[in-house]
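These notes are about the structure you will find just below.
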Amino acid sequence: MFFHIVLERNMQLHPRYFGRNLRENLVSKLMKDVEGTCSGRHGFVVAVTGIENIGKGLIRDGTGFVTFPVKYQCVVFRPFKGEILEAVVTMVNKMGFFAEAGPVQIFVSNHLIPDDMEFQSGDMPNYTTSDGSVKIQKDSEVRLKIIGTRVDATEIFCIGTIKDDFLGVINDPATV
Amino acid sequence: MSVVTDSPVHSSSSDDFVAFLDAELNASSPNSSPENEAENEDELEIVRIKRQKFESIEETEGSTSEGIIIRNLEASAEVDVCTHPGSFGNMCIRCGQKLDGEAGVTFGYIHKGLRLHDEEISRLRNADMKSLLCRKKLYLVLDLDHTLLNSTHLAHLSSEESYLFNQTDSLADVSKGSLFKLEHMHMMTKLRPFVRPFLKEASEMFEMYIYTMGDRPYALEMAKLLDPQGEYFNSKVISRDDGTQKHQKGLDVVLGQESAVLILDDTEHAWTKHKDNLILMERYHFFASSCRQFGFSCKSLAELKSDENETDGALAKILQVLKQVHCIYFDKDQEDLVDRDVRQVLSTVRSEVLSGCVILFSRICHGALPSLQKMAEQMGATCLTEIDSSVTHVVATDVGTEKSRWAVKENKILVHPLWIEAANYFWQKQPEENFIIKKKQ
């Protein structure tokens, strides 16, 4: 789920950036440092939307760097256990399928795929129902439920299921 | 609703969406904050009740009241007996619980972070086996270096090989070429002649894997050269980063029954645990650096501006062997299909190569004799140690020995030990005229 929150970060700036464009340099460095990173607490930082406050800079002893405490608003994405998400299938194999919802990698094991869907290998491996009406293959969109999440430095891993009601394929790329 | 500073960490189960929502809803009411600590237990209870209500609301949409009870029971039973078939990012793939990550085998080549436990691996192997047998396919594990191609560092090209820089094929349409320069890896790669027809025909009989002792980026680059469409080796490229043991290859990372896997490799000692599945390939030395690596001082194929014969080379011959093994495997009565073992078929085919030959060894050095004898016996020959009238071939390195002279006198065929090795590589009895011992001058 997406959140719009205020985070704080201490930014270190090299003296070469001091001058008229100090604030711009600080903001661009912040964006470069923070956008695309991940943390366990807030999830994935998608974009910085604004700067709330830049505190007084403190010169570090021994170096010429100055540390500014910056409060900024940003959009973060964090999956939760129990959340329902839409994701795009990236890989299908006999163990289940892998899907992506933005920066999050989700794995749905075949234990959590309804029993009437069977794996068909071949050129385009897929899971399909016995009557062929529903098919999950690469680039299909599926609605799944997250049952576990784990965050490391740059990625978020999730385990998902489509075994519950109202979960499964939303959009079949073959019919589009 | 926007969350300002309170992160979900403060709630008792930060992972859970429902708990988080509850925490937020409670936080916004006036009397919750100071009593948070003390009310933790009550909060947990409330959360639990609310979660059950939440779930039962979900269920009343689509099922009868009986269904709800059964589903709740089933749900709790499932959680209790989750066998944790595997893990993705250290979470069980079935129940989402955090796992330690020590059990089972890592399948990083399929997807980063994927790990499967032994029971699940057996279950997958069995399921896959049935589907493969229906499609009449077996598994084939292919080595890269010196088997399907030969690579060298750009800096190791000899002066006589420098003409190759002008002859490399374009990387834009890989399916037409065989010599490629990979700038970003500082390497030049030559694909073995006949490799593309080989892969195409083998893919109809086998599900193929690449297993190399190179690292993963190298393995993936080579897979792109051999299989630009990704139809043969899609997520079946195993590199040394995926193996469970250093310097050894194993079938534990291959999702196929050992009784249905054939291995094509030029290095025997990499497969000590699976020698019976191995078909040994004659090494492909195109570049001088490769010859030197194995101690050969002769000129390389590139220096001689020649190449292995396309239709009559090692790959073509081995393809015939593979076809033969496949044919015999799927030939017998239907009932035996599940119990069949490709290793037995392989040894049967091997034992027909020199069947009927009775071999006498003469003055072969003691180090080489046991392996040579074993090779000959595996190919169906009978090995004797004393002169006997049933002998058909005498294998020696010197025409002057007693047994050699006896062979000439009795019109027995006198050959060099390389005749046995050639038969081993080509799976066919080679014409003995090509292996006559040269007289020492």
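Hydrogens, waters and symmetry mates play no part in the numbers below; they use all other heavy atoms, side chains included. Here the structure is a predicted model, which means the values were calculated and not measured. Lettering of chains follows the sequences in order, A, B, ..., and the numbering in each one begins at 1.
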**Most contacts with chain B, counted as non-hydrogen pairs under 4.5 angstrom, among A/C158, A/G40, A/G160** = A/C158

**Message:** According to side chain to side chain contact (heavy atoms under 4.5 Å, CB included), who are the partners of A/D115, at least two apart in sequence or on a separate chain?
**Reply:** A/K163

Side-chain polar contacts of residues 83-105 of chain A - donor-acceptor pairs under 3.5 angstrom, sequence neighbours left out - could you list them?
unit_1, atom_1, unit_2, atom_2, d
A/E83, OE1, A/M1, N, 3.3
A/E83, OE1, A/F80, N, 2.8
A/E83, OE2, A/M1, N, 2.7
A/E86, OE2, A/R143, NE, 3.1
A/T90, OG1, A/F98, O, 3.1
A/N93, OD1, A/M95, N, 3.0
A/N93, OD1, A/G96, N, 3.4
A/K94, NZ, B/D128, OD2, 2.9
A/E100, OE2, A/Q105, NE2, 3.1
A/Q105, OE1, B/H111, NE2, 3.2

**Asked** Checking A/S121 against chain B: side chain, backbone, both or neither under 4.5 Å from a heavy atom?
**Response** side chain

**Complete:** Separation between CE (B/M91) and CZ (A/F107), nearest 0.5 Å, reads 11.0 Å

**Message:** Quick check on B/L116 against chain A: is it the side chain, the backbone, both or neither that has a heavy atom closer than 4.5 Å?
**Reply:** side chain

**Prompt:** Shortest non-hydrogen contact from A/N110 to B/E120?
**Reply:** OD1-OE2, 4.2 Å

**Complete:** ring-ring contact (aromatic ring centres under 6.0 Å, His included) filter on A/F65, not counting sequence neighbours, yields A/H14

**Prompt:** Is it the side chain or the backbone of B/I93 that comes within 4.5 Å of chain A heavy atoms, both, or neither?
**Reply:** both

**Asked** Hey, is CD on A/Q12 packed in by over 12 heavy atoms from elsewhere, all under 6.0 Å?
**Response** yes

**Message:** Counting only non-hydrogen atoms closer than 4.5 Å, does B/E207 touch chain A with its backbone (N, CA, C, O), its side chain (CB onward), both, or neither?
**Reply:** side chain

**Asked** Is chain A contacted by the side chain of B/L114, its backbone, both, or neither, given a heavy-atom distance below 4.5 Å?
**Response** side chain

**Prompt:** How about residues 19-27 of chain A versus chain B: which residues have heavy atoms under 4.5 Å apart?
**Reply:** none

**Message:** More than 12 heavy atoms of other residues, nucleotides or ligands under 6.0 Å from NZ of B/K224: yes or no?
**Reply:** no

**Prompt:** NE2/A/H111 to CZ/B/R123 distance, rounded to the nearest 0.5 angstrom?
**Reply:** 4.5 Å

**Request:** First locate atom OG1 of A/T161, then atom CZ of B/R94, and finally report the distance between them rounded to the nearest 0.5 Å.
**Result:** 10.0 Å

**Request:** Step through the shown structure and confirm whether more than 12 heavy atoms of other residues, nucleotides or ligands are within 6.0 Å of CD on A/E118.
**Result:** no

**Asked** Which distance, rounded to the nearest 0.5 Å, do you find between the CD1 of A/I159 and the SG of B/C95?
**Response** 9.0 Å

**Message:** For the CD1 atom on A/I59, are there more than 12 heavy atoms of other groups (residues, nucleotides or ligands in this structure) within a distance under 6.0 Å?
**Reply:** no

